[in-house]
Amino acid sequence: MIDLELADGVAQVALLLAALAFANGFHNAAAVAAAIAVVVVALAMLPRRKPTPTATPLPAQLRIAFVHPDLGIGGAERLIVDAAVGLQKRGHGVVLYTAHHDAGHCFEETRDGTLAVVCVGDWLPKRVLGRCYAACAYLRMCYAALYIAATRRRAYDVIIVDQVSICLPLLRLAAPKGTLFYCHYPDKLLCASRESRLKRLYRLPLDWAEETTTGCADAVVVNSKFTAATFRAAFSRLAKRGVEPAVLYPALNLEDQDAAAAAAPPWTAPAGGRRASPGASSPLFVLLSINRFERKKCVGLALEAVAKLPEPVRRRVLLVVAGGYDADLPENVEHAAELEALAKRLGIADRVLQKRSVPAAEKAALLRRADVLLYTPDKEHFGIVPLEAMYAGTPVLAVDSGGPLESVVSGETGFLRPQDPQAWADAIEALLSDDDWRKAMGARGRKRVQEKFSLEAFAANLDAICRDLAKG
């Protein structure tokens, strides 16, 4: 906990700096960034005091805020939405703050009134000259935190932040009883390209700020044992301080999954689209990949595996490449084109169908129709899509690293294989060769999700953490 007298003093400084920044022009991002940077460093360096035990009983309903950079469509966003819905169902008051929310590119709960969403700071840049994504995300999250501190001070018992920790010191000004940081994966490790000296200099303060500000949270949780081990290795200063993240597995809202499946008509290939090749026996096997159109998702592995299938099998296969796609993100646009070019180069363009930003009903229909889900990311932090597939009764073929090692049981609910196209082709051929075996795997996968990854269990664990933080 922060010493509130010190925080009040820093709050006055923050307001003065903010006033100077805005006086210099409301849309002057550089002035706002400079003011925020000074306040973040000052708050991060403030001493912390031990909480004073209180005998006052906690209210049944807590006031909880989430702060998330971009409420688009992705695994992190799905987790935050599910967490918010789960806590709301347990009687808590929940508000989501974000720097970007596009009603045409988001999960339904954030646009249909299920959840209260407040979007602030969307005028700030997402990138500068096609670069500096991380720095811009930091700036936007800090602005959102200042907004909460200025307009909703002492309004929340617990504030939950994920993805970007830089705003945690600023949220001390909002005076919550506790803050929780959900670490999907250390951001410093997501920036793999550091060849140039300029890039290393750019990342140096960002990496320092990430580790320092993550330590400002009153509690830290991660999405898997794999991420917990990675956290300890990446944040050695925090490890020395004894900061040990707890594991809180992501979950599925099974009621929503059932509702989406019930409402979704059976999925068929589009009229005039790909079908079994002439001369191939029916039915058509559907292989499904669901990932954002990003290079780190390694979707090319699925295409290479299909290309290595024996010709009689390949003629009966349709690979559907679906997932989150944002035309404003250059990588999404570029990688979708790269995958199309790869399919042509491999000679399987007639066996591949891209589906960009599919709505929930079509996604549910695809998951039910698919014979196998191909989950290609390497060292994925956790991965919610394998859970969705298993609950739909679809076996999962995933890379044998990261989160899938904890969700997929190889040989029981699918297969885990190295990033080798031939190994994947062999596993696909085996799964497609025996309908009964494949369906039995799907049934075991569904049961596993029901027992270990339900939203009810997730929400109960998160509720306990929030109540512990709310004690002060």
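Along the sequence shown, residues are numbered consecutively beginning with 1. Note: hydrogens, waters and symmetry copies are ignored here, and every other heavy atom, side chains too, is used.
Using modelled atom types, one finds a donor on one side chain and an acceptor on the other under 3.5 Å when comparing Arg237 with Thr212. Neither side chain, Asp70 nor His101, offers a donor N or O lying under 3.5 Å from an acceptor on the other. Judged by distance alone, the side chains of Glu77 and His68 do bring a donor and an acceptor atom under 3.5 Å apart. Side-chain polar atoms of Glu380 and Tyr375 form a donor-acceptor pair below 3.5 angstrom. Looking at Arg356 and Gln354, their side chains do bring a donor and an acceptor atom within 3.5 Å of each other.
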Apply side-chain hydrogen bond (donor to acceptor under 3.5 Å, both in side chains) to the pair Asp258 and Tyr391, showing each step before the final yes or no. CA-CA 9 Å; Asp258 290 339; Tyr391 189 68; 2.8 Å; yes

Where do Thr227 and Thr230 land on the side-chain hydrogen bond (donor to acceptor under 3.5 Å, both in side chains) test, with the steps shown first? CA-CA 5 Å; Thr227 301; Thr230 304; 5.7 Å; no

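For Glu362 and Lys355, the salt-bridge test passes: some basic side-chain N is under 4.0 Å from an acidic carboxylate O.
Put simply, the side chain of Phe453 does not reach to within 4.5 Å of the side chain of Leu252, judged on heavy atoms. Taking 4.5 Å as the limit, some side-chain heavy atom of Glu109 sits within range of a side-chain heavy atom of Val81.
Partner of Glu331 under the salt bridge (Lys or Arg N to Asp or Glu O under 4.0 Å) criterion, chosen from Arg127, Arg295, Lys296: Arg295. Test Leu387, Leu373, Asp400, Leu416 against Val408 for side-chain contact (heavy atoms from CB on, under 4.5 Å) and you get one pass: Leu416.
The aromatic rings of Tyr182 and His184 lie tilted to each other, with the angle between the two planes from 30° to 60°.
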